[in-house]
Protein chains: 2
Amino acid sequence: MPKSTQTKAERIRARRTREAVNIFSRMPSAYAASRSQATKFLQRAGGLSVVEWRVLWDLSEAGPLSIRDLASIQRVDHSQLSRALPAMWRKGLVNMERDEVDGRQMSITLTEVGRQAYEKAAPIMKQRRDALRRAFTPEELKQLAGYFDRLDAFFCQPLSELLNEDSQA
Amino acid sequence: MPKSTQTKAERIRARRTREAVNIFSRMPSAYAASRSQATKFLQRAGGLSVVEWRVLWDLSEAGPLSIRDLASIQRVDHSQLSRALPAMWRKGLVNMERDEVDGRQMSITLTEVGRQAYEKAAPIMKQRRDALRRAFTPEELKQLAGYFDRLDAFFCQPLSELLNEDSQA
DNA sequence: AGCTAATATATGACAAGTCATGTATTCTGC
DNA sequence: GCAGAATACATGACTTGTCATATATTAGCT
């Protein structure tokens with residue numbers, strides 16, 4: 001059926017259907033929904049931001065860390081932490097000291113206030129992970145993590161490797 | 001082994017390993033990598049932004065659309081399009097006219113310049129989707145899309161439904 | 001020691017996304 | 001036909017993320 005004879009509603013529905021199976025277009029909304037949900041959980045658990053929660057969690061689990069360590073664990077650009085940490089320090093959540101051994105690094109540690117904020121949020125966030133485990137079986141979660149690994153690898157491939165096949169067409 | 005006897009490198013490695021299977025923490029980096037890759041492809045295909053590309057693609061596939069239509073197809077907040085479209089209009093990529101039938105709606109259409117920009121970018125972006133189909137089988141992509149549907153459903157659930165089980169613990 | 005390279009952090013500029021709120025228009029029920 | 005509800009859009013304020021670039025410190029080589 002030629003496009004011109006379709007109603008607008010039909011065109012939109014066709015487009016939505018096609019986009020539903022487009023992995024690229026699914027990523028932003030899935031991520032946005034995840035972040036929105038996390039924000040709501042954290043709102044109920046003391047009002048931490050997502051970035052703050054991740055920092056407190058990592059520090060609580062892996063002890064004193066530098067900015068680069070945190071960035072590498074969280075797979076984010078270090079600039080994000082470089083900007084977020086001073087605000088967390090002003091709130092009393094973390095200590096930031098220059099490393100005595102390597103004067104370039106900052107050593108970030110949890111304060112007592114930070115530990116309390118973490119312990120307040122942790123059980124709520126654990127409930128979120130528990131809820132995910134009710135929605136997906138362990139095998140499914142493992143498979144999903146595997147897909148994420150492969151997606152990461154795909155997204156990080158150099159352009160040249162993706163474009164070299166019949167790129168002149 | 002108690003945490004205090006681990007080296008810092010061991011603590012970081014343990015934390016990274018654990019985070020690798022945490023779906024929540026995988027979403028941001030996977031999405032960021034996807035967006036970064038899309039940006040690079042678009043840079044090579046005329047310099048469109050991701051938002052611009054999506055708008056041109058939708059308009060090209062589904063004809064004249066309102067802001068709300070575009071937002072619903074793309075699963076984003078309408079404010080994003082409300083802000084992006086005037087800039088696209090200034091670049092000559094789209095026309096924006098108030099709908100004659102419904103004076104609240106804007107009718108967004110592709111201009112000739114917009115159509116050319118789309119046709120320049122489209123083959124490159126198609127190569128990206130083709131490359132994805134080389135990295136994943138059709139069955140895997142179908143399964144992945146199914147997981148996204150279920151993740152969407154999980155993320156959009158009201159908090160109360162996720163917290164009501166042993167939430168007092 | 002001293003020069004160069006590498007590393008760790010800070011910061012400016014930006015893209016993409018959210019939510020809340022305000023305004024104009026249309027729809028609905030009486 | 002009008003009051004109030006609903007809808008479409010605009011806009012301000014914010015979060016999360018990127019990249020590029022500058023600066024300070026350490027590491028390595030001679």
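We name chains A, B, ... by the order of the sequence lines, and we start the count at 1 in each one. If you're wondering where the values come from, they're calculated on a predicted model, not measured in any experiment.
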Could you run down nucleotides 13-19 of chain D 5' to 3' and tag each one B, S or - for protein heavy-atom contact under 4.0 Å? B-BSBBB
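- Taking the six-membered ring for Trp and the full ring otherwise, the centers of F41(B) and W53(B) sit at least 6.0 Å from each other.
- Between the CG atom of N95(B) and the CG atom of L110(B) there is a distance of 9.0 Å, given to the nearest 0.5 Å.
- Here the OG atom belonging to S107(A) is positioned 10.5 Å from the CD1 atom belonging to I67(A), to the nearest 0.5 angstrom.
- Only one option out of D58(A), L65(A), V55(A) pairs with L81(A) in a side chain to side chain contact (heavy atoms under 4.5 Å, CB included); it is V55(A).
- A side-chain N or O of Y147(B) and one of Q143(A) form a donor-acceptor pair less than 3.5 Å apart.
- Separating the CD atom of E100(A) from the C1' atom of dT25(D) is a distance of 15 Å, rounded to the nearest angstrom.
- The nearest whole Å value for the distance from the CH2 atom in W89(B) to the C1' atom in dC9(D) is 17 Å.
- Taking the six-membered ring for Trp and thresholds of 30 and 60 degrees, F24(A) and F155(A) have ring planes inclined between 30 and 60 degrees apart.
- Residue R26(A) comes nearest to A20(A) through the heavy atom pair NH1-O, 2.6 Å, listed as atom of the first residue, atom of the second, then distance.
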Determine, step by step, whether E61(A) and R18(B) satisfy the side chain to side chain contact (heavy atoms under 4.5 Å, CB included) criterion, reporting the C-alpha distance in whole Å, the side-chain angles of both residues, the deciding distance to 0.1 Å, and the verdict. CA-CA 10 Å; E61(A) 292 282 324; R18(B) 172 157 179 190; 3.6 Å; yes
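- Contact annotation for R68(A): base contact, defined as any heavy-atom pair under 4.0 Å involving a base atom.
- Here the range on DNA chain C touched by chain A, meaning any atom under 4.0 Å from one of its heavy atoms, is dA6(C) to dC19(C).
- Atom CD of Q105(A) and atom C1' of dA27(D) are 13 Å apart (whole Å).
- For the pair D69(B) CG and dT7(D) C1', the computed distance is 13 Å after rounding to whole Å.
- Across the protein-nucleic acid pair, L81(B) atom CG and dA8(D) atom C1' stand 13 Å apart, rounded to whole Å.
- Note: CZ (R98(B)) to P (dC9(D)) measures 8 Å, nearest angstrom.
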